[in-house]
Amino acid sequence: MTDQPVTTFAPLPEGDAPRYDFRSAEPHWQRAWAMAGCFHVSDLPDDGRPKYYVLEMFPYPSGKIHMGHVRNYTLGDVVARYKRARGFSVLHPMGWDAFGLPAENAARERKVHPAQWTWDNIAAMRAELKRMGLSLDWEREFATCDPLYYGQQQRLFLDMLRAGLAERKESWVNWDPVDGTVLANEQVIDGRGWRSGALVEKKKLSQWFLRITDYAPELLAALDGLDRWPERVRLMQANWIGRSEGARLRFDLTEPVAGIGDVEVYTTRPDTLFGMSFLAIAPEHPLASHIAGQNPAAAAFIAECRRLGTSEAAIEATEKQGFDTGLRVRHPFEPERSFPVWIANFVLMEYGTGAIFGCPAHDQRDLEFARKYGLPVVPVVLPPGAADPRQGAVEKAYDGPGTMIGSGFMDGLATEVAKAAAIARIAQLGMGSGVTNWRLRDWGVSRQRYWGCPIPVIHCAQCGVVPVPDEQLPVRLPEDVSFDRPGNPLDHHPTWKHVACPACGQPARRETDTFDTFVDSSWYFARFCSPKSSAPVDRDAADRWMPVDQYIGGIEHAILHLLYSRFFIRAMRQTGHVGIDEPFQGLFTQGMVTHESYRGADGRWLYPGEVDIQADGVARHRETGEAVTIGRVEAMSKSRRNTVDPGAIIDRFGADTARWFILSDNPPERDMQWTEAGVAGAFRFTQRVYRLAESVALMAASANVPDTFSSVALELRRAAHRAVVSVTAALESFAFNVAVARIYALATAIADSERPTTDDAAGLAWARREAMEIMARLMAPMMPHLAEAVYKKLVPDAADMVAQRPWPEADLALAAADVVTIAVQVMGKLRGTIAMPTGAAANAVLAAAEAEPNVARLLEGKRVVKRIHVPDRVVNFVVAG
RNA sequence: GCGGGCGUGGUGGAAUUGGCAGACACGCCAGAUUUAGGUUCUGGUGGCGCAAGCCGUGGGGGUUCAAGUCCCUCCGCCCGCACCA
C-alpha cells in the first residue's frame, strides 16, 4: 500500500516492553474493514435500521491532503463510527470537487492536460485519505469532472430551464480584458485581475443566471428552522439575503428626455421625503448612459467611476463624487418643487433601482455629498427630547426615530407611523407603492473556462436558445484543446462549437461557457444517495437518505456553497428530483489548524521540519544552526511555510495518533494549534493503551460474571460505566476534546487497578477486562485501529471487530455513586466536605455537616438563620450577625 | 459604521447550565528505573502566606444563601458584512 517510511525517530523503549506496531496494524485493519464491507450501505437498504447521513465537504483534488482535511474528515469519521455503533444505517461517502481553475493553470504552466492532472491528483489524495482509516463507503466515490456526473447536472439545468428557474440575461460583470474572461468578485484584487494584473472593467454581458431570487423569501424564512446550524452562519445568510422594507416611487422629470419621463427610486425612509435636496443615480443607470451619449463630460465621469469600481479599497480611498446632469425631477408630494438629478459614484446599480433620493439631514452619505456640492440640508425628524435641529449646523446625519417636522401632512407623526402614511400617500397618488427589497441577486453561473461542466444549450440564429436534446446528453468536453492562447479554449476549438440546430437543422453555435464550479457542489450530496443512477438522483434513494443529517466543513462556505445548495435542493424539489426543502439538517463548522511560523536570519520563511527548538525555547536551523525567529501562530499556509504534511505525520506516528491529537487539543469549532509536543503526547498514549491491554490480557478472567467484587474491582467497574455515560454525552454534543479527557481518565483508572489483591483476584481480573473492552469501544470512533488491536488482544478468537460491535451500554445503577461528597459552606464559603450516602435525607446531611469539625468550630456561638440543602451537592449555613 | 463571538493557571482547555473553579492534556519541578534518550513509572504543580487562612474566572458595580455561569457598565481581542439608500 505505502512504502515503509525511512526515519530515525525511535521514541520506543528497547527490551521486553510491549510495542504497538501501528505500521503493520493500521493497514491490516483497513483491509479487514474493507473485506468485511463494514462501511458499505446500499441505495435502498431493507435492514430496518434508522438512517443517518454524515458528510464532510468534499475536497478539491489539489494533489495532497492538508491538516484541514485531516481535521474535517476525522470529525466526520468520529460521527460516522459512533452513529454506526448506535445502530444507525450510516451513509458516509467521499468524492471530488474536480472542476476548477487550478487544473487549467497547470495545463498552461506545465503542459499537462487538465483531466490528466486532476485524475492523478485524485489518485494521490485517495491513497492518503485511505491511510487515515476513515469509515467511508468508497463504492460511492465519484468526481464532478466525470461525464457520468456532469451529464446529470446538465439534465438538472435543462429541467430548471424548462421550469423558468434558469434564464439568460444581460448584467454588469467583472471583465478581465487580458485573459478575456469574466471573473468572480473574489478573483478581483484591488481592482485588478488576479492572474493577468489587468485593470478589471465593468462590462455588460449576456450570461446564464439561476433565479435564486425567486426563493429569497423562503431561503430567509427557513433559516429559523435550521436549529442545528450555527447561529453565526444563519445570521450571515440572513444578512446576505438582505430583506428590507420600503417603497418604490417615481420621480417625474420636469422635461422628459428621449422617452425617459421619470426615475424610479427605492427607499426605506419614505418618511423623510420632505427632507429631500437632490436625486442621484448610479453611473450604470440607463438614464446616465443616455446622458453620456450627449454629454462628453458626463461620459468621462462615468468612465472614471467604472475604472475605480466599488471594491472595498476603492471605497475607502475615494470620496463621494457626483456629476450634475442639469435635469430636474418634481417632488412627488409637491410637484411645484423640483430637485437636481446627479450621477453619483456612491449609488449602486445592483441594489434597489440604482437611484436614490438624497436626504442629507438623515443619511450620512447624502450629508457628505451635500456638503461637497453645497446642496441644502433640511432636517425633518426631531430626535426624542431634542430641540429644533434647524437652530445649528447638522454635524452628523440623524438616522434614528423621532417626530416629523416640516413635513406637511406627516408633521407630528412618529417615524414608523410616518413611513406608513408616506407609502399610503404615494400609492394614492399613483406614484409607487410599498415593497420588500432583497439584497440577494440572481446567481450568474456562466464562466468562460474550459475545465467545467458545459452549459447544454445551442444558439441558433433562427430559433434562439435551444436546449440540447436529452438523447444528445451528456455534452462532453472535447479532449483536444489548446491552452496556447488566453481566453476560453472551448471558444477557440476548431469544430466543437459548430453544430446543427436541434430544432431547425441549420448551422448553429454551441454554448462555449461552462458552469461555475459552485453548481457542481450544489447537489453532489444528493447524487451520493444513488451515484450510479441513470437519472440525476434516484428518487427512492434520495427519499431514503436525504437530507444530510450532519454536514461538517469550514466556515468559509457559510454563504456561497451553503446558500447555493439550499437553493439548488429547492429547485430540484420544484423539478421533481427530491421531496425535501433543506439539504443539511445539521451543520458543524470546524476551526482552522494553525501552527507557529518560523523565519531564518535572512527573513525567509522556514518549514517546521527545518527548525529545531531547544529546551530553553531558542530555535535554530536544523542543518545550518543559524538563529531562527519564532513568529505568530497562524493558519497553516504554503506562503508562510508553517504547514505540517499529514503524510509525514502518519508515517512517523500513525493515523490514530494524528486523529487523537487533532481531536484532543480543543473544541472542534475553534482554531487548533498543531504542536510537536501535542502529537508526541498523543503517540505516547497509544503506546500506553496497548501496554495496558497486554497487562489486562495477561490476567486470566472467567467468562462468567463473578458473584462478588472487592471495593477496588467495584470502583473500576463504576469508573468504566461512568465513562460510557460521559463519553456518550460528550460525543453527542461534539465535545470531542471532553470525550478524549474521559478516556484518559478511564485509562488511568484501569492502570491504577493493577495492584494485586489477594482476596479478589477473580473479580478484579473480570472487572479489568470489562473496563478495557469498554475503553476499546469508547475510543473506536477516534482511534479505530488501536481499538481493534486492543479488542483482538483481549479476545483473540473474536469473530467480529469493534467496527461491527454496538456502542457499550452503561449500567446506570452501577455508574451511580453510592457515596457522594457534599460541600459544606458557611456564609457561602467552602469550609469542609462530608461523605454521605447518595440521596441522603436533608436532616441527616445537615446534622453531619454541622458536626464537621471545621464547620462546627465556625458555627460555635453563632445563630444559624438559614440552612440551604441542595441534595447530593452542597449545604450552606447562613448565620446571623 | 452594522451584526456576531470570545476573555478561566505558564499553555490548550473543563465545569452536570446558579451549587467544591481549574477535570484531562501539554509544559515545568522532584524522585525511581534505564547504557544514553523527545523511554517508562511515582509524586507535586492557580497566587500570597511558616501556618490558621486570605485572594482568585478581563476591570468595576449589582441580584442571590450561593455567580466563571444571571443583570448593568467599561476595557481588550477575534470574525463576518459594509457607500445596501
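Quick caveat: nothing in here was measured; it's all calculated off a predicted structure. Chain naming here is simple, since letters A, B, ... match the order of the sequence lines and numbering starts at 1 in each.
Comparing the C1' positions of B:C70 and B:U63 gives a spacing of 8 Å, expressed to the nearest Å.
A:Gln825 places no side-chain N or O within 3.5 Å of a backbone atom of A:Leu830 that could act as its donor or acceptor partner. A:Asn737 places no side-chain N or O within 3.5 Å of a backbone atom of A:Asp665 that could act as its donor or acceptor partner. The backbone N or O of A:Thr74 sits nowhere less than 3.5 Å from a side-chain atom of A:Arg659 that would complete a donor-acceptor pair. Side-chain atoms of A:Arg243 do not come within 3.5 Å of backbone N or O of A:Arg439 as any donor-acceptor pair. In this structure, A:Asp872 contributes its side chain and A:Thr838 its backbone to no donor-acceptor pair below 3.5 Å. Put simply, the side chain of A:Asp399 never gets that close to the backbone of A:Asp363: no donor and acceptor are under 3.5 Å apart.
Note that the OG1 atom of A:Thr589 and the CG atom of A:Leu587 stand 6.0 Å from one another [nearest 0.5 Å].
Neither OP1 nor OP2 of B:A25 sits under 4.0 Å from any side-chain N or O of A:Asn666. Within the structure, every side-chain polar atom (N or O) of A:Arg365 is placed at least 4.0 Å from both OP1 and OP2 of B:G1. A close approach under 4.0 Å does not occur between any side-chain nitrogen or oxygen of A:Arg234 and OP1 or OP2 of B:G80. Contact check, A:Tyr351 against B:A85: a side-chain N or O comes under 4.0 Å of OP1 or OP2. The side chain of A:Lys829 places an N or O atom within less than 4.0 Å of a non-bridging phosphate oxygen (OP1 or OP2) of B:C55. In this structure, A:Arg670 reaches the B:G13 phosphate: one of its side-chain N or O atoms is under 4.0 Å from OP1 or OP2.
In terms of heavy-atom proximity, A:Met775 sits nearest to A:Ile750 at SD-CD1, 4.0 Å.
When rounded to the nearest whole Å, the span between CZ of A:Phe369 and P of B:C83 equals 17 Å. Rounded to a whole Å, the CG atom of A:Asn345 is 8 Å from the C1' atom of B:C83. Straight-line distance from the CD atom of A:Gln673 to the C1' atom of B:U11: 9 Å, rounded to whole Å. In this structure, CD of A:Gln687 is placed 11 Å from P of B:C41, rounded to the nearest angstrom. Put simply, CZ on A:Arg243 is 13 Å from P on B:A85, counting in whole angstrom units. Atom CZ in A:Arg71 sits about 12 Å away from atom C1' in B:G12, given to the nearest Å. Across the protein-nucleic acid pair, A:Glu596 atom CD and B:U11 atom P stand 14 Å apart, rounded to whole Å. At whole-Å resolution of the value, CH2 in A:Trp240 and C1' in B:C84 are 12 Å apart.
Taking the six-membered ring where tryptophan is involved, the planes of A:Phe357 and A:Phe251 are tilted, since the angle between them lies from 30° to 60°. Note on ring orientation: taking the six-membered ring where Trp is involved, the planes of A:Phe685 and A:Trp660 are parallel (angle under 30°, cut-offs 30° and 60°). The aromatic rings of A:Tyr398 and A:His362 sit perpendicular, their planes meeting at an angle over 60°, well past the 30° parallel limit. Classified by interplanar angle (parallel below 30°, tilted 30° to 60°, perpendicular above 60°), the ring pair A:Phe734/A:Phe736 is tilted.
A glycosidic torsion no more than 90° from 0 defines the syn conformation; B:U42 lies beyond that range and is anti. Syn is the classification of B:A36, since its glycosidic angle stays within 90° of 0. In textbook terms, a nucleotide whose glycosidic angle is within 90° of 0 is syn, and B:G9 is one such case.
Residue A:Asp665 is the one, among A:Asp665 and A:Ala677, whose nearest nucleotide of RNA chain B lies closer to the 5' end (criterion: closest heavy atom). Comparing A:Val878 and A:Thr675 by the nucleotide of RNA chain B whose heavy atom lies nearest to each, the residue mapping closer to the 5' end is A:Thr675.
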Open item on the list: Pairs counted only when both distances fall under 3.5 Å, Watson-Crick or G-U: show me the 5' to 3' dot-bracket for RNA chain B, [ ] for pseudoknotted crossings and | for other-strand partners.
Closed with: (((((((..(((......[....)))((((((.......))))))(((....)))..(((((..]....))))))))))))....

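If you look at A:Phe683 and A:Phe653, their ring centroids are closer than 6.0 Å.
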Open item on the list: Base contacts versus sugar-phosphate-only contacts with protein, heavy atoms under 4.0 Å: please encode nucleotides 15-24 of chain B as B, S and - from 5' to 3'.
Closed with: -B--BB--BS

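By the neighbour-count criterion of 12 heavy atoms within 6.0 Å, atom CZ of A:Arg232 is sparsely surrounded, having that number or fewer from other residues, nucleotides or ligands.
Nucleic acid contact for A:Arg684: sugar-phosphate only, since backbone atoms but no base atoms lie under 4.0 Å from a heavy atom of the residue. Using a 4.0 Å heavy-atom criterion, one finds that A:Asp399 contacts no nucleic acid atom at all. Among the atoms of the strands shown, only primed sugar atoms or phosphate atoms (P, OP1, OP2) are found under 4.0 Å from some heavy atom of A:Arg831. The residue A:Arg439 sits close to a base: some heavy atom pair falls under 4.0 Å. Residue contacts shown for A:Thr267 are limited to sugar-phosphate atoms, with no base heavy atom under 4.0 Å away.
When each of B:G38, B:C83, B:G53 is scored by its nearest atom to the side-chain atoms of A:Asn854, the top-ranked nucleotide is B:G53. Checked against B:G13, B:C41, B:C84, the side chain of A:Arg688 finds its nearest nucleotide in B:C41.
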Please write out each protein N/O paired with an N/O of nucleotides 42-47 of chain B under 3.5 Å, distance rounded to 0.1 Å.
none

